[in-house]
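Throughout, a chain's letter reflects where its sequence line sits, starting with A, and its residues are numbered from 1. Side chains are part of it too, since the values below use all heavy atoms of this structure and drop only hydrogens, waters and symmetry mates.
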Amino acid sequence: MKAHQVKILINKQVSDRYYLLKVDISSIEEKIEPGQFFNLRCSDQLYPFLRRPISVYKINRYNQTLEFLYLVKGLGTKKLAQLKEGQILDMFGPLGQGFHLQDEYDTILLLARGVGIATLAALAQKASEDNRKVIGILSARSQNDLLSADYLSDMGVEIHKVTDEEGTSDINSVTYLIEEILQEYHIKALYTCGSKRLSRLMQEVARREQLPGEIALEEHMGCAMGVCFACVCDLNDGSTTKSVRVCVDGPVFPLEQVVIS
Amino acid sequence: MKAHQVKILINKQVSDRYYLLKVDISSIEEKIEPGQFFNLRCSDQLYPFLRRPISVYKINRYNQTLEFLYLVKGLGTKKLAQLKEGQILDMFGPLGQGFHLQDEYDTILLLARGVGIATLAALAQKASEDNRKVIGILSARSQNDLLSADYLSDMGVEIHKVTDEEGTSDINSVTYLIEEILQEYHIKALYTCGSKRLSRLMQEVARREQLPGEIALEEHMGCAMGVCFACVCDLNDGSTTKSVRVCVDGPVFPLEQVVIS
Amino acid sequence: MKKLAVDIGGLILQNPIMPASGAFGPEMNSVIDFNRLGAVIPKSITLSPRAGNATPRVCETPAGMINSIGIQSKGINYYMENVVPFFAQYQSPLISSLSAESVEEFGQIADIVAKNPNVSALELNISCPNLKGNGLAFGMDADLTYQLVRKVRDVTDKPVITKLSPNVTSIQEIAIAAQEGGSNALTVANTLLAMSIDVETRKPRIGNIMGGLSGPATKPVAIRLIYQVKKVVTIPIIGCGGVMTSDDAIEMILAGATAVQVGTASFIHPHAMVDIVKGIQTYMEHHNISDINELIGSVIID
Amino acid sequence: MKKLAVDIGGLILQNPIMPASGAFGPEMNSVIDFNRLGAVIPKSITLSPRAGNATPRVCETPAGMINSIGIQSKGINYYMENVVPFFAQYQSPLISSLSAESVEEFGQIADIVAKNPNVSALELNISCPNLKGNGLAFGMDADLTYQLVRKVRDVTDKPVITKLSPNVTSIQEIAIAAQEGGSNALTVANTLLAMSIDVETRKPRIGNIMGGLSGPATKPVAIRLIYQVKKVVTIPIIGCGGVMTSDDAIEMILAGATAVQVGTASFIHPHAMVDIVKGIQTYMEHHNISDINELIGSVIID
Ligand SMILES: Cc1cc2nc3c(=O)[nH]c(=O)nc-3n(C[C@H](O)[C@H](O)[C@H](O)COP(=O)(O)OP(=O)(O)OC[C@H]3O[C@@H](n4cnc5c(N)ncnc54)[C@H](O)[C@@H]3O)c2cc1C
Ligand SMILES: Cc1cc2nc3c(=O)[nH]c(=O)nc-3n(C[C@H](O)[C@H](O)[C@H](O)COP(=O)(O)OP(=O)(O)OC[C@H]3O[C@@H](n4cnc5c(N)ncnc54)[C@H](O)[C@@H]3O)c2cc1C
Ligand SMILES: Cc1cc2nc3c(=O)[nH]c(=O)nc-3n(C[C@H](O)[C@H](O)[C@H](O)COP(=O)(O)O)c2cc1C
Ligand SMILES: Cc1cc2nc3c(=O)[nH]c(=O)nc-3n(C[C@H](O)[C@H](O)[C@H](O)COP(=O)(O)O)c2cc1C
Ligand code: FES
Ligand code: FES
């Protein structure tokens with residue numbers, strides 16, 4: 001991990017609330033894995049002050065490009081959205097532990113909500129490249145926020161979209177949808193990101209169906225290097241609870257162990 | 001006085017250390033006088049935090065443009081220099097009291113040092129337009145810093161350049177130069193800006209020759225509206241000393257009254 | 001229409017926004033309409049004329065500034081003859097900020113000022129870090145604060161607002177002392193004692209060596225102080241420190257402030273106070289709040 | 001070659017730059033070379049394991065951040081068995097930051113830690129505003145400070161550094177108490193007690209309601225504190241608060257600091273400490289200063 005000064009190739013609005021940022025990573029030698037993230041310096045100002053953690057969305061080592069998909073939410077991402085093609089971005093990383101895809105996971109189910117879609121998209125990309133069957137449930141406020149759906153479909157992911165605006169994203173509907181998918185496919189592992197409510201649901205499914213799974217967490221960060229203990233969450237392995245740091249021990253954790261507050 | 005949002009027409013480097021900023025003032029109705037200044041917001045960030053006072057350099061009401069000539073010195077002017085043509089500049093003003101040019105001042109002597117040249121250039125412009133004879137002594141570190149010399153010559157000002165690098169700007173040489181000018185011309189008024197040392201010299205000349213004169217002062221400012229009392233200096237009218245504010249009572253003051261610390 | 005009026009210890013303000021003393025004066029009438037402010041507070045005034053401190057008197061710091069004006073004042077006579085009548089032409093009530101070098105002198109000046117019918121309330125600046133040159137202030141001692149407020153209380157029935165110092169171990173103690181002394185409201189708070197050195201010249205950036213830090217950098221401290229004081233007093237609080245936007249003002253109100261002072265912001269955005277009043281209205285519309293008083297101290301603690 | 005070495009109460013540092021406790025740990029060795037630091041100080045350690053506070057534990061503010069980590073700690077055993085040996089592989093001396101809930105406990109933990117030959121000095125964190133949830137700290141009381149330092153002094157001959165709180169009326173009093181208690185140096189200072197509220201959710205932005213403000217916003221207060229403390233003590237001062245650049249570090253040294261801690265800056269620029277050491281060298285070259293000790297406290301007061 002290191003603060004890299006990379007060139008911005010694209011930074012454009014892709015839907016009402018989302019931006020796509022593409023950078024040149026030819027100067028980055030480290031391996032970059034789905035589930036990992038970079039801590040971005042959104043401006044050279046003192047306010048926003050902290051960096052912002054953003055997951056890798058598309059990794060293209062052939063073209064040496066990396067893409068991020070981000071929601072414009074507060075001060076930091078607003079400034080990030082103002083950066084222009086050709087400018088230099090200071091990004092610290094790659095950080096954290098990525099997803100684990102065991103060889104035997106030939107069919108996997110992803111459940112992503114909101115910005116979590118960006119995080120799981122990188123996993124879907126990798127799984128599809130390995131010729132695994134990927135089923136993805138994408139949940140968002142509106143169709144407009146489901147911008148990765150086509151990209152994922154195109155790579156062969158079976159996509160199910162649920163949205164608040166259509167009333168299809170409530171917990172019952174999603175539970176029902178998961179049931180159907182579990183009946184249709186022999187799912188080997190579950191992955192989720194982006195919603196506490198849906199994560200609890202996935203934990204239930206994992207327990208009931210005895211499925212392994214992983215979850216990518218978000219927590220407010222200070223250092224993103226494991227030294228400040230800002231980004232902690234609890235893991236419970238059945239007997240003991242231990243505190244872990246999202247930035248270095250995660251952001252990806254065993255689904256069944258995470259204590260969702 | 002008001003915070004005007006004006007368009008930047010030009011913002012370019014004109015010498016090693018100086019920039020020229022030209023803005024569109026068609027939205028500004030107030031009269032703008034030589035000696036007045038605007039308080040510029042150099043960036044929309046919280047650091048630099050305060051605005052920066054910069055004198056008007058060239059006023060062109062026909063084309064509705066206003067120019068500033070500024071030295072890139074610290075954080076604020078560095079940020080100012082980064083603003084691009086087409087961007088909007090937030091400038092508060094016009095502020096302060098400008099120079100007074102009595103009708104009978106048909107021949108005037110200006111003594112300016114460094115950024116003070118910018119301030120006196122506006123006065124020279126006005127005096128020349130009135131067909132007065134203007135003699136200007138311009139003092140700077142180097143020839144490179146004497147960028148307004150040609151501009152002033154072209155409008156008919158008789159220019160004498162003195163610089164540190166040539167060893168011509170020491171107090172003795174300037175004293176001698178002034179003597180020569182006073183012998184050659186019937187100077188009616190003195191104006192100075194930009195150097196304490198030279199201002200003291202001008203005060204002496206004014207006293208000895210019984211000449212009226214004015215000085216434009218610089219002082220660190222908070223509000224630039226006369227309310228905070230950050231920018232004070234002392235005036236002494238021979239009997240009593242009173243505290244005045246550079247931002248509203250000045251920046252132009254009677255030469256003989258200013259107490260130069 | 002949203003109800004913006006608040007009550008500061010008996011003084012009713014049409015809205016909670018007013019200037020902070022020292023960052024406001026008659027000259028600003030060419031920039032904003034004083035009738036749109038909750039109150040007006042000119043710079044702290046002293047009994048005798050005072051010269052103020054050496055220049056430079058201000059310097060900027062990250063997201064803030066340090067000042068060491070040092071209560072430059074033309075004295076009480078000039079104030080009564082010129083400043084008070086000037087503000088009398090506006091409908092916004094005039095709060096006079098007072099500064100003095102002893103408890104006695106506070107009593108004297110309060111007596112003179114409060115007698116004027118055009119003065120609606122007094123603010124006691126017991127917290128100026130620039131007065132004695134060493135950063136000390138009356139407002140750093142609870143007993144002195146009590147005595148001082150009591151002395152002023154004895155000479156007037158008009159609302160008395162005590163402006164507290166943030167440079168103390170326990171602002172709660174001082175706040176309680178001021179309340180017990182008879183203060184009708186508290187301004188929380190004045191500037192943080194601070195210093196800045198130019199590494200090129202190796203000199204302090206302000207003539208007085210130390211000065212008071214204001215601006216957004218200090219807002220998190222002000223919010224904390226308001227929150228702490230709100231828990232221990234019953235009199236209203238006027239929040240002060242680092243407010244630039246209406247969100248900042250609302251943050252103070254949520255923390256426990258009934259009204260809010262805006263100081264340094266006016267140096268950056270001369271129009272700030274008027275913009276903040278508008279922004280508060282917009283916030284209330286968005287959040288469906290009909291009376292600003294509902295917001296006071298309404299921070300949600302789980 | 002410029003002489004950068006300084007003496008902190010008997011501990012010689014190759015250069016004056018070290019991390020601030022809580023903003024540094026073993027994990028940073030993949031980003032910077034620990035051998036280039038004047039010293040290393042991991043996060044404050046407690047006798048028993050501690051859980052720390054509710055999340056979110058950090059939020060940003062203008063030019064700064066608030067934290068309420070709350071001394072999450074794996075306890076002294078883990079520390080002695082893992083952290084101390086880890087840092088023993090580097091040549092930079094290890095300063096152990098200690099936190100405890102009573103004077104007795106400070107004595108106990110100091111005894112254990114100081115006995116380890118790989119620990120070069122102790123820093124007593126008597127100023128953490130996050131420990132008791134109400135922002136109070138030992139370091140806000142001069143007597144307690146004296147007793148606490150004395151207790152630790154009794155158990156070790158190694159250099160003891162006392163880290164002071166900025167949230168006090170008179171830091172000079174506490175500094176003198178620590179010196180009289182036997183402290184060999186002082187860290188000036190810890191974070192400013194602060195708070196921030198989200199106006200949309202109306203909730204505090206950090207789980208613990210209040211927390212400690214750090215970062216550039218606070219530097220002017222830290223500079224003032226260093227300047228004040230320098231005037232009243234003879235032991236060396238380690239400046240801390242808001243240092244981002246070598247100019248900031250030099251500003252602290254001019255104000256009176258012998259060494260400088262860098263905390264939050266590493267979150268923004270992970271490489272900050274190493275860059276600052278380089279920057280100090282450049283400054284000394286430009287200004288023709290052969291020994292950094294010439295700069296300590298050399299602010300020019302007219
Ligand atoms: C490991 C990780 C990966 C992420 N990946 C993505 C991604 O691919 N795309 C995306 O749009 N978002 C992602 N997020 C969330 C993203 O970090 C926040 O949306 C962003 O920090 C908000 O910053 P802001 O200035 O816009 O919002 P503000 O609300 O103004 O931020 C204020 C502060 O809170 C922090 N904060 C706010 N929300 C979050 C959050 N959800 N997680 C962590 N910190 C937060 C900010 O970092 C900042 O310090 C990820 C978060 C984490 C922890
Ligand atoms: C009425 C007036 C007119 C001026 N006209 C011009 C002009 O036409 N061209 C020009 O180049 N400069 C002019 N100056 C000086 C100019 O304001 C400063 O050079 C500028 O503020 C420096 O800002 P900085 O951030 O680059 O430097 P920094 O040194 O980083 O500034 C730090 C702080 O000190 C203040 N400061 C520093 N130097 C001065 C100064 N000489 N006067 C007032 N405040 C200062 C800054 O405003 C800022 O608040 C004028 C000053 C005044 C008061
Ligand atoms: C230039 C300046 C002068 C000030 N003078 C006074 C004063 O005379 N009396 C007073 O009570 N406070 C004075 N203050 C403090 C302000 O009233 C206010 O408490 C402080 O600036 C914090 O608020 P702000 O961050 O909104 O500016 C002054 C502040 C500044 C910046
Ligand atoms: C996330 C975080 C955790 C901290 N934890 C500790 C701690 O455990 N012990 C301590 O003495 N100080 C702690 N501090 C305070 C720092 O050591 C330092 O005093 C403060 O941050 C000011 O310096 P800075 O502005 O350079 O960060 C912590 C600061 C931060 C930001
Ligand atoms: S953000 Fe500092 S430990 Fe994770
Ligand atoms: S700058 Fe405030 S009175 Fe002049």
Side-chain angles (χ1 to χ4, degrees), chain A residues 1-5 29-30 38-53 73-77 79 90-97 196 217-234 240-250 259-261, chain D residues 19-32 41-44 49-74 130 198 200 205-207 211 213-217 219 242 244 263-272 275:
Chain A
M1 63 194 187
K2 212 184 121 183
H4 299 278
Q5 313 297 319
E29 281 164 22
E30 293 113 302
F38 281 82
N39 212 13
L40 309 186
R41 191 140 159 73
C42 299
S43 87
D44 61 353
Q45 307 179 12
L46 289 179
Y47 193 50
F49 182 64
L50 296 170
R51 289 172 182 260
R52 298 294 191 266
K73 190 183 168 197
L75 190 58
T77 49
K79 290 288 172 185
D90 177 344
M91 53 183 224
F92 180 54
L95 301 169
Q97 313 300 325
K196 287 193 178 175
L217 293 181
E218 289 180 13
E219 191 45 82
H220 291 227
M221 294 189 177
C223 67
M225 303 182 278
V227 307
C228 80
F229 292 85
C231 64
V232 295
C233 75
D234 284 341
T240 54
T241 300
K242 67 171 178 183
S243 177
V244 290
R245 294 154 300 180
V246 170
C247 67
V248 288
D249 304 317
V259 180
I260 297 166
S261 57
Chain D
S21 176
F24 178 76
E27 298 79 0
M28 273 175 77
N29 75 343
S30 57
V31 188
I32 54 168
I41 314 188
K43 182 159 180 73
S44 298
R50 275 181 65 95
N53 293 325
T55 56
R57 289 176 170 188
V58 292
C59 75
E60 75 178 5
T61 63
M65 63 173 278
I66 303 177
N67 89 79
S68 64
I69 311 295
I71 318 287
Q72 172 160 352
S73 154
K74 292 190 179 151
N130 286 316
D198 184 323
E200 293 305 317
R205 280 188 197 271
I206 50 171
L213 182 66
S214 64
K219 191 188 60 170
M244 297 289 283
T264 312
S266 297
F267 299 0
I268 315 303
H269 302 294
H271 229 255
D275 292 345

side-chain contact (heavy atoms from CB on, under 4.5 Å) evaluation trace for Phe49(A) with Ile268(D): CA-CA 8 Å; Phe49(A) 182 64; Ile268(D) 315 303; 3.9 Å; yes
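- In this structure, the portions of Ala63(D) lying under 4.5 Å from any heavy atom of chain A include both its backbone and its side chain.
- Scanning both residues, Met225(A) and Val31(D), for their nearest heavy atoms gives SD-CG2, 4.1 Å.
- Separation of atoms CZ (Arg51(A)) and CD (Glu60(D)) is listed at 13.0 Å; rounding is to 0.5 Å.
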side-chain contact (heavy atoms from CB on, under 4.5 Å) between Arg245(A) and Glu27(D), worked out: CA-CA 12 Å; Arg245(A) 294 154 300 180; Glu27(D) 298 79 0; 2.7 Å; yes
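- Heavy atoms closer than 4.5 Å to chain A are found in the side chain of Thr264(D), but not in its backbone.
- Of the two parts of Ala230(A), the backbone and the side chain both hold a non-hydrogen atom closer than 4.5 Å to a non-hydrogen atom of chain D.
- Listed by chain and residue number, nothing satisfies the ring-ring contact (aromatic ring centres under 6.0 Å, His included) test with Phe92(A) (two or more places apart in sequence, or in another chain).
- For chain A, the nearby part of Gln72(D) is the side chain; its heavy atoms alone come within less than 4.5 Å.
- Among Gly215(D), Gly52(D), Pro216(D), the residue making the largest number of heavy-atom pairs under 4.5 Å with chain A is Pro216(D).
- Smallest separation of non-hydrogen atoms from Phe267(D) and Cys228(A): CZ-CB, 3.6 Å.
- The most heavy-atom pairs under 4.5 Å with chain A, out of Gly25(D), Ser30(D), Pro56(D), Pro270(D), come from Pro270(D).
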side-chain contact (heavy atoms from CB on, under 4.5 Å) between Arg41(A) and His269(D), worked out: CA-CA 9 Å; Arg41(A) 191 140 159 73; His269(D) 302 294; 3.6 Å; yes
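- Applying the 6.0 Å contact sphere to CD of Gln5(A) captures more than 12 heavy atoms from other residues, nucleotides or ligands.
- Of all non-hydrogen atoms in Thr55(D) and Glu219(A), the two that sit nearest each other are OG1-OE1, 3.6 Å.
- Distance check, rounded to the nearest 0.5 Å: NZ of Lys74(D) to CZ of Phe229(A) gives 5.5 Å.
- The salt bridge (charged side-chain N to carboxylate O under 4.0 Å, His left out) check on Lys43(D) picks up nothing, with sequence neighbours excluded.
- Heavy-atom pairs under 4.5 Å with chain A were tallied for Ser266(D), Ala51(D), Gly64(D); the largest tally goes to Gly64(D).
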